[in-house]
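Labels below follow one simple rule: chain letters A, B, ... track the order of the sequence lines, proteins then strands, and each chain is numbered from 1. The basis for the numbers below is simple: all heavy atoms, side chains too, and nothing from hydrogens, waters or symmetry mates.
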Amino acid sequence: MNDWEEYSAIEAAAAIPLSQQAMGVGNTSYLDGLNPAQLAAVETLDGPVLMLAGAGTGKTKALTTRIVHLLRTGRVRPNEILAVTFTNKAAREMKERVATHLGDAASGMRWMGTFHSLCVKILRRHAELVGLKSNFTILDTDDQIRLLKQLIRADNIDEKRWPARMLAGLIDHWKNRAWTPDQVSAGEDGFDGRGAKYYAQYQARLKTLNAADFGDLLLHVVTIFQNHPDVLEKYQHWFRYIMVDEYQDTNVAQYLGLRLLAQGHRNICCVGDDDQSIYGWRGAEVGNILRFEKDFDNATVIRLEQNYRSTPHILGAASGVIAGNADRLGKTLWTAREDGEKVRLINHRDGEEEARWMGDEIESYQRGTRGLDPYGLDSIAILVRASHQMRAFEDRFLTIGLPYRVIGGPRFYERMEIRDALAYFRVAVSADDALAFERIVNTPKRGIGEKAQQIINQVARNNDVSLFEGARIVARDGGISARARNALGALIEGFDRWRVALQDQDQSHVEVAQIILEESGYTDMWQKDKSPDAAGRLENLKELIKALEEFENLEGFLEHISLIMENDSQDDAQKVTIMTLHGAKGLEFPVVFLPGWEDGLFPSQRSMDESGQRGLEEERRLAYVGITRAEEICTISFTSSRRIFGQWQSAIPSRFVDEIPPKHVEILSAPGVYGGSIAQEPSAIEERVARADAYNSPGWKRMRARQEARTAKTRSAMKDVIDAKVVASFGLGDRVHHAKYGFGAVVGVEGDKLSIVFEGGGAKKVMASFITMADDVSS
DNA sequence: CGGCATTTATTTTTT
DNA sequence: ATAAATGCCG
């Protein structure tokens, strides 16, 4: 169907010829301003190159300059460079930066993009080699789950024991390692053989639907390269130079594909930082970058170690932490900058207090106190380990009216209303998109419930027609309730009408899209919805319609949208950024706050439980990423107790805190933190905690030891301990905690009852067994 | 079929 | 604590 020769001809024609003059051969001014390491990375063009680029060392600059250099020296045409990134954002940025040097030539770089988009491009050309048609649809995670659910249900298996999500994760895991179903069943599966079976069924089903999921995009391309040497060879010749960004994040499938492509000329340049590999949990293999020199003989390794971002103290702190990892290629970041503030460390009573303090702190930065220039809110970020930490900050900032922006969370195209709308468009464009049809057949509610849908499914299968045509038959012949039948008939009629409208030259696809959403009753559904977020959803739908304008037709839009799951709506107002550490990779801020450095939260307990030492090392890299985001001021904080899943947990400082070299740290004491409303004078405990003013001092060590011992005790048999000597353990003035009433101070002891004045207001008599010391676990 | 009650599981996230 | 997902009843 897609003859290679013809294709090559098209590609060649598309290449914008670069006349020597236009390219300015001989003019190498673009090399000015590179440091020696960057220059080496730019000028070492042939053979395998590993560019180890530490945080803030000008990686993107080196990478884009290298591309400019390749093109300017005239050794390659723009479309013969394969340049791969992980995100659309990175691809766009690179393209823009090349364009500032080369103008139009950058648009000739047709093979610069994300792994996924480039694989789609290749796969559309050779789809038949893996049993697909070139117009295959790309499933998102939602579709994937629904499909798997159907398979599990069809098997009459307990859906609880076999959650579709888990199976999806498993299949994803296999695809990340480029395992096809037969390779899985041949090996181990870990799920009594069922996983492999479902995997095979799932792949078969995808083939029938002429669809591929995200993992397939990579896997299929690797399969094609492996099974069709002739095809591989053409691409090996076509891509004369290969560049890979964020190499530490590649998974096995990506690695295999790259290695196959590079086998001939070996002109592959991988850029990355093993210390910033933080996506192991989704299939990234740090091993890929660690092994580079073994994979590619005679590789040139270039280290970018001069940091242009942070102060020496921040770099020192980060280096100290990351030094705790064993599996590293090793780099030593240095900076020409001098002085700067030490990394600041502070302890708080709980998460709310932490948020309160940071809010105040940010406001003082904003005003420019302590002799510093005022910082705009845009230059301040709070980076958390887990997104549930964000809530405390949002709450606090809302009450003090501090503008903030949360990065992350559900992306625009992942929102329910957007997916629903897209499903309508998908059915309108191609009637046999069964998954899309299933999604919207009863959205808004049309009275076409599960049972009716089953009947439609059955009729479609019996007549060997698409789901949509099956629905048409059901609507005509009946078999479901009259009400449902009418609704179904109306829906089908609607789609018939909309399809005609889409063909109509006089009607723009934007208009038709709007008509679809209105006539189907979808916008109506949200207008009638009285939930608080309905208005926002309607706004989103409007935005979606607006986005359509940039495309020729609906088809073009849908093709793009499946791969671009980003929403980068910009917002000019000055706001504090709140995001996860993962989301912050690649970004930088003058002022960075790193809250929640407590063992269990960060490093995450789960990470350590599931992946042991490897998990801990990844968490440590995350700490490294966090610290190195800061340009001037980095503040780390931890709390003494935190509410997790509604339960108060006492916390000990993260082990990473101890790993920061003391000479780079300044301990802050939080003013007013311990002066609770009741305790006019701080209790002995409070005083001791407050005075733990040097974490390398004996006081600090004592506090840690105490907390550790207490936690250990709690985890074993705290309950028994409390019951046994409950009364004896409380004295007048003790700061205590009750699960329902919160914190308070003991004002009286009578037998096994304690009189307590609670901070939340009021004195109460409570059984001692319901009380714990304030910085212990309470329940 | 739809609405309300109960249950259940809660890191990180791109394509 | 809380949200999402499931289960039960009208």
Decide whether A:Ser654 and A:Glu598 meet the rule of one side-chain donor and one side-chain acceptor closer than 3.5 Å.
->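 Per modelled atom types, A:Ser654 and A:Glu598 side chains form no pair under 3.5 Å.
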Whole-Å distance separating the [atom1] atom of [X] from the [atom2] atom of [N]:
X        : N      : atom1 : atom2 : value
A:Gln647 : B:dT10 : CD    : C1'   : 13 Å
A:Glu246 : B:dT14 : CD    : C1'   : 12 Å
A:Asp140 : B:dT13 : CG    : P     : 18 Å
A:Gln389 : B:dT12 : CD    : C1'   : 11 Å
A:Met166 : B:dT10 : CE    : P     : 10 Å
A:Arg282 : B:dT13 : CZ    : C1'   : 5 Å
A:His388 : C:dA1  : NE2   : P     : 16 Å
A:Leu587 : B:dT13 : CG    : P     : 13 Å

Contact class for [X] (heavy atom, under 4.0 Å): base, sugar-phosphate, or nothing?
X        : answer
A:Ile480 : nothing
A:Phe645 : base
A:Ser481 : nothing
A:Arg391 : sugar-phosphate

Write out the stems for DNA chain B, ordered by first number and formatted as range with range, counting runs of at least 3 consecutive Watson-Crick or G-U wobble pairs under 3.5 Å.
->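 Only these stems qualify: B:1-10 with C:1-10.
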The side chain of [X] is closest to which nucleotide in this list: [options]?
X        : options               : value
A:Trp281 : B:dG2, B:dT13, B:dT11 : B:dT13
A:Glu610 : B:dT11, C:dT2, B:dT13 : B:dT11
A:Lys149 : C:dT6, B:dT15, B:dT12 : C:dT6
A:Lys445 : B:dT13, B:dG2, B:dT11 : B:dG2

Going by 5.5 Å between centroids and 30° between planes, is there a stack of A:Phe214 over B:dT14?
->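 No, A:Phe214 does not stack on the base of B:dT14.
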Do the two ring centres, one from A:Trp281 and one from A:His173, sit under 6.0 Å apart?
->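 No, ring centres 6.0 Å or more apart.
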Any chance the rings of A:His220 and A:Phe136 have centres within less than 6.0 Å?
->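 Ring-ring flag for A:His220/A:Phe136: false, centres at least 6.0 Å apart.
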May I ask you to evaluate whether [X] reaches the phosphate of [N], defined as a side-chain N or O under 4.0 Å from OP1 or OP2?
X        : N      : value
A:Arg643 : C:dT2  : no
A:Asn88  : B:dT14 : no
A:Arg385 : B:dT12 : no
A:Ser604 : B:dT12 : no

Please say which of A:Arg426, A:Arg439, A:Arg419 ends up in a salt bridge (charged side-chain N to carboxylate O under 4.0 Å, His left out) with A:Asp143.
->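 That would be A:Arg426.
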